[in-house]
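Inspection log for the structure reproduced underneath, given as structure tokens.
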Amino acid sequence: MVLTGMTNLKKSPMSAEIKNTQVNLSGLLEVLGKNLYSTPLVAIRELIQNAHDACVRRQIESPDDTAFHIHITPLASQQQLIIEDNGAGLTKEEIEKYLATIGSGYTRELRTQSDNEDMIGFFGLGFLSAYVVSDKVTLTTTSYQDPSQGWQFNSSGGMNYSLSATDANPTGSKVTLQLTDKYAELTNIGLLEDVIRQYCCLLTIPISINRQATPINQVDVPWLMPEHTSPIQRKARSLAFAQIFEQRYEPLTSFAITPTDTCDINGLLWIQGGSSYANSDQRNCTVFVRNMYITQETSALLPAWAGFIGCVINTTMLTPTASREDIQQDSAFTKIKQHIETTLINALAHLSSTEPEAWKRVLSRHNEMLLGAAVSSETLFSALHEELTVPTTEGDLTLKALVNNGSNTIHVTLDDSGSYDEILCRAMQIPIVLGYRFASYPFCQMYAGLKHHKLVTLGTDAGNKALFSPVEDAPLAAQLEPLFIEAHEALVLTEFEPTYLPLLIIPDEEVARKRKIESDDAQKRISTAALSLATLYTQKVEDTIRRRVYININAPLIQSLINQP
């Protein structure tokens with residue numbers, strides 16, 4: 001006997017019901033329109049980019065002798081801004097598929113098909129920026145594919161639109177923005193010129209305001225100059241180009257960033273003319289992707305020590321965020337950052353020999369920051385260690401000049417309060433490096449290691465032993481200890497000049513640092529991670545002796561005291 005349907009005895013799970021995600025278009029448009037872009041100036045950039053890509057598209061799909069252009073017309077009295085081009089134009093189907101569909105863009109498809117990196121568009125969101133600044137957007141267009149038929153697109157807010165056939169116009173597109181009262185300033189000619197000059201200076205399509213003969217974006221781009229350009233002209237034009245993006249300081253000198261087999265990047269580095277301090281970070285890095293300005297807020301592409309450097313780069317490797325106002329920090333970002341740092345280090349290392357006058361100016365303004373740079377890079381340290389100065393009690397000196405007295409010893413203090421050992425060194429006319437100043441101490445450590453010099457750190461047990469040679473005399477020490485020693489102190493018999501100083505009481509800086517780090521107050525102020533690292537160091541420091549009393553046995557006063565009953 002065979003039983004049928006046994007498989008139905010076990011209850012099968014209920015099938016999952018698949019549904020489409022619903023999108024609140026009104027809410028999405030409001031969020032994107034109001035929050036996608038940080039500044040209304042982005043609308044100008046995005047619409048110019050659309051016009052540029054339309055011209056490039058026509059060059060690719062219907063090449064002829066057309067002289068392409070983009071015209072900007074501000075009509076302040078009517079509160080309108082018009083952007084028009086003689087590019088490819090749009091058909092009715094393309095308006096519906098691309099212009100009226102959020103996130104859909106033909107540019108990205110064509111760039112992939114043609115392998116043409118001159119096209120800028122990526123996300124299909126650029127036209128949304130028009131709704132940010134205007135009450136109404138009107139597009140009049142005629143496609144090169146059907147030059148006998150024109151179309152007009154009208155929309156307020158982007159929720160809905162009207163599309164109607166019109167008489168044919170010259171091939172291209174014309175976007176008219178009816179600006180809101182809030183953004184009526186976008187008709188200001190001076191503002192438009194500044195935006196176009198900075199945002200669009202790498203675009204090859206000429207852009208004019210009110211159809212002026214000279215394009216606003218006609219700028220000498222350093223990496224696009226002809227090969228026969230003389231070095232003097234190239235340098236002058238490079239500095240002029242840098243000045244467009246350097247709002248705070250005059251550029252002193254510049255260096256080219258060139259592409260490699262694995263790094264598609266062109267750009268310019270420059271040294272800022274303003275003086276800076278150790279805690280001053282004036283890094284200025286402007287990024288273009290496919291010739292269109294993205295952001296000037298990418299200082300992370302420059303090394304942390306390069307607080308006096310400005311930079312402009314153009315690349316196809318970096319990926320903008322959806323608003324195209326920032327850059328994704330991915331593996332390409334890291335690769336370009338490394339390439340920029342290598343270029344900068346090599347340029348600085350050769351600057352003193354290639355541009356000695358410029359190098360003098362750089363040293364006079366940025367010596368302290370260059371100390372930090374040299375400590376961060378063995379290449380830079382190797383090139384600059386003889387030329388950089390360190391702050392000392394005798395003024396700023398190179399370490400070579402400091403050890404010229406033949407002692408081959410570098411004395412460093414980490415105490416900024418003017419300790420007794422520092423006073424003694426001053427009396428003995430020994431220059432002391434102020435190691436508490438930015439990068440001075442690690443620079444001295446590296447220099448001493450390279451030159452096999454002796455590094456004496458004042459205020460430490462080892463440093464004081466080097467400065468004060470102990471004199472062994474146990475009976476004398478036992479005789480003097482009750483007169484001079486208190487709790488947590490040690491007595492050291494020694495000889496030093498000048499002899500009129502009978503003694504010095506010198507706190508142990510390492511012990512003082514240990515007590516400070518391990519105090520309750522420090523635990524409240526210092527992060528757990530930093531405190532743990534610091535404690536690993538202080539655990540090795542013996543803190544039973546907090547001060548040492550150095551008795552100068554050659555001092556008349558001490559001799560007189562010793563001879564007393």
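- Gln49 and Tyr199 share no side-chain donor-acceptor pair at under 3.5 Å.
- Contact detail for Asn160 and Ser155: the closest heavy-atom pair is O-OG, 2.8 Å.
- Here the CZ-CG distance, from Phe68 to Asn86, works out to 6.0 Å after rounding to the nearest 0.5 Å.
- Residues Asp181 and Gln79 meet the side-chain proximity criterion, which asks for heavy atoms closer than 4.5 Å.
- Other residues, nucleotides and ligands contribute at most 12 non-hydrogen atoms within 6.0 Å of the CD atom of Glu297.
- Of the residues Asn266, Asp264, Asn291, the one that meets the side-chain hydrogen bond (donor to acceptor under 3.5 Å, both in side chains) test with Asn314 is Asn291.
- Using a 4.5 Å heavy-atom cutoff, the side chains of Leu351 and Ile271 are in contact.
- Using modelled atom types, one finds a donor on one side chain and an acceptor on the other under 3.5 Å when comparing Asp146 with Ser148.
- Side chains of Gln282 and Arg248: a donor-acceptor N/O pair is present below 3.5 angstrom, by distance only.
- Using a 4.5 Å heavy-atom cutoff, the side chains of Pro215 and Ile207 are not in contact.
- Atoms CG and NZ, from Asp135 and Lys182 in turn, are 12.5 Å apart once rounded to the nearest 0.5 Å.
- A donor-acceptor distance shorter than 3.5 angstrom exists from the side chain of Thr141 to the backbone of Gly172, with no hydrogens or angles considered.
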| query | Trp270 and Phe245: ring-ring contact (aromatic ring centres under 6.0 Å, His included), yes or no, with the steps? | reply | CA-CA 11 Å; Trp270 62 87; Phe245 303 93; 7.1 Å; no
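- In terms of heavy-atom proximity, Ala439 sits nearest to Val375 at O-CG2, 4.0 Å.
- Shown are Arg57, Glu61, Arg58; of these, the side-chain hydrogen bond (donor to acceptor under 3.5 Å, both in side chains) with Tyr144 is made only by Glu61.
- Minimum heavy-atom separation, Met317 to Thr262: CE-O, 3.9 Å.
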| request: Apply the test side-chain contact (heavy atoms from CB on, under 4.5 Å) to residues Tyr131 and Ser156: give CA-CA distance (whole Å), side-chain angles for both, the deciding distance (0.1 Å), then the verdict. | output: CA-CA 7 Å; Tyr131 302 122; Ser156 298; over 6 Å; no
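- Within a 6.0 Å sphere centred on NZ of Lys92, heavy atoms belonging to other residues, nucleotides or ligands number 12 at most.
- Taken to the nearest 0.5 Å, the CG atom of Leu318 stands 7.5 Å off from the CD1 atom of Ile265.
- Side-chain atoms of Ile257 and Leu269, non-hydrogen and from C-beta on, do get closer than 4.5 Å to each other.
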| task | Could you check Thr253 against Glu355 for side-chain hydrogen bond (donor to acceptor under 3.5 Å, both in side chains), going step by step and ending with a plain yes or no? | result | CA-CA 9 Å; Thr253 189; Glu355 298 182 54; 2.9 Å; yes
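- Heavy atoms from other residues, nucleotides or ligands lying under 6.0 Å from CG of Asp64 number more than 12.
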What donor-acceptor contacts under 3.5 angstrom involve side-chain atoms of residues 331-340, with partners at least two apart or in another chain?
residue, atom, partner, partner atom, Å
Thr334, OG1, Asp330, O, 3.4
Lys337, NZ, Ala300, O, 3.3
His339, NE2, Thr258, O, 2.7

| field | side-chain contact (heavy atoms from CB on, under 4.5 Å) between Leu192 and Leu81, intermediate numbers included | value | CA-CA 10 Å; Leu192 290 171; Leu81 184 65; 4.0 Å; yes
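- Residues Glu246 and Gln272 have side chains that bring a donor and an acceptor to within less than 3.5 angstrom of each other.
- Rounding to the nearest 0.5 Å gives a distance of 10.5 Å between CG of Asn284 and CG of Asp281.
- Looking only at distances, no side-chain donor or acceptor of Arg290 sits under 3.5 Å from a matching main-chain atom of Thr315.
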| task | Verify side-chain contact (heavy atoms from CB on, under 4.5 Å) between Ile72 and Ile82, making sure each step is shown before the conclusion. | result | CA-CA 6 Å; Ile72 314 294; Ile82 301 170; over 6 Å; no
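- No side-chain N or O of Thr176 forms a donor-acceptor pair with one of Thr138 less than 3.5 Å apart.
- Note on Lys360 versus Glu357: salt bridge recorded, some NZ/NE/NH1/NH2 to OD/OE distance being below 4.0 Å.
- For the pair Ala130 and Val137, the tightest heavy-atom approach, listed with the atom from each and the gap, is CB-CG2, 3.8 Å.
- A donor-acceptor distance shorter than 3.5 angstrom exists from the side chain of Thr354 to the backbone of His350, with no hydrogens or angles considered.
- Inter-residue side-chain proximity for Cys201 and Phe241 is flagged as met; some heavy-atom pair is nearer than 4.5 Å.
- Within 6.0 Å of CD in Gln243 there are more than 12 heavy atoms belonging to other residues, nucleotides or ligands.
- Asp326 is listed as a side-chain neighbour of Thr298, based on a closest heavy-atom distance under 4.5 Å.
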| field | Stepwise ring-ring contact (aromatic ring centres under 6.0 Å, His included) check, Tyr249 with Phe308 | value | CA-CA 10 Å; Tyr249 305 110; Phe308 54 97; over 10 Å; no
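- Defined by atom type and a distance below 3.5 Å, a donor-acceptor pair is missing between the side-chain atoms of Gln78 and Gln178.
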| said: Using side-chain contact (heavy atoms from CB on, under 4.5 Å), reason through Ser173 and Leu139 one step at a time and then give a plain yes or no. | reply: CA-CA 7 Å; Ser173 299; Leu139 168 74; 3.9 Å; yes
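- Side-chain N/O atoms of Ser164 and Gln152 include no donor and acceptor closer than 3.5 Å.
- Considering only heavy atoms from C-beta on, His71 comes within 4.5 Å of His69 through its side chain.
- Partner of Thr286 under the side-chain contact (heavy atoms from CB on, under 4.5 Å) criterion, out of Thr295, Ile313, Val312: Val312 alone.
- Remark: Cys311 SG to Ile309 CD1 distance equals 9.0 Å, nearest 0.5 Å.
- Taking every heavy atom of both residues into account, Leu388 and Leu370 meet most closely at CD1-O, 3.7 Å.
- Taken from NE2 in His366 to CG in Leu363, the straight-line distance is 10.0 Å, to the nearest 0.5 Å.
- Side chains of Ile95 and Trp151 form a contact here, defined as non-hydrogen atoms less than 4.5 Å apart.
- The minimum heavy-atom distance between Pro74 and Asn210, with the atom names listed, is CD-OD1, 3.4 Å.
- There is no side-chain donor-acceptor pair under 3.5 Å between Asn169 and Thr142.
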| request: Kindly indicate, with the supporting measurements, whether the criterion salt bridge (charged side-chain N to carboxylate O under 4.0 Å, His left out) is fulfilled by Glu84 and Arg211. | output: CA-CA 11 Å; Glu84 54 187 316; Arg211 300 180 182 271; 3.1 Å; yes
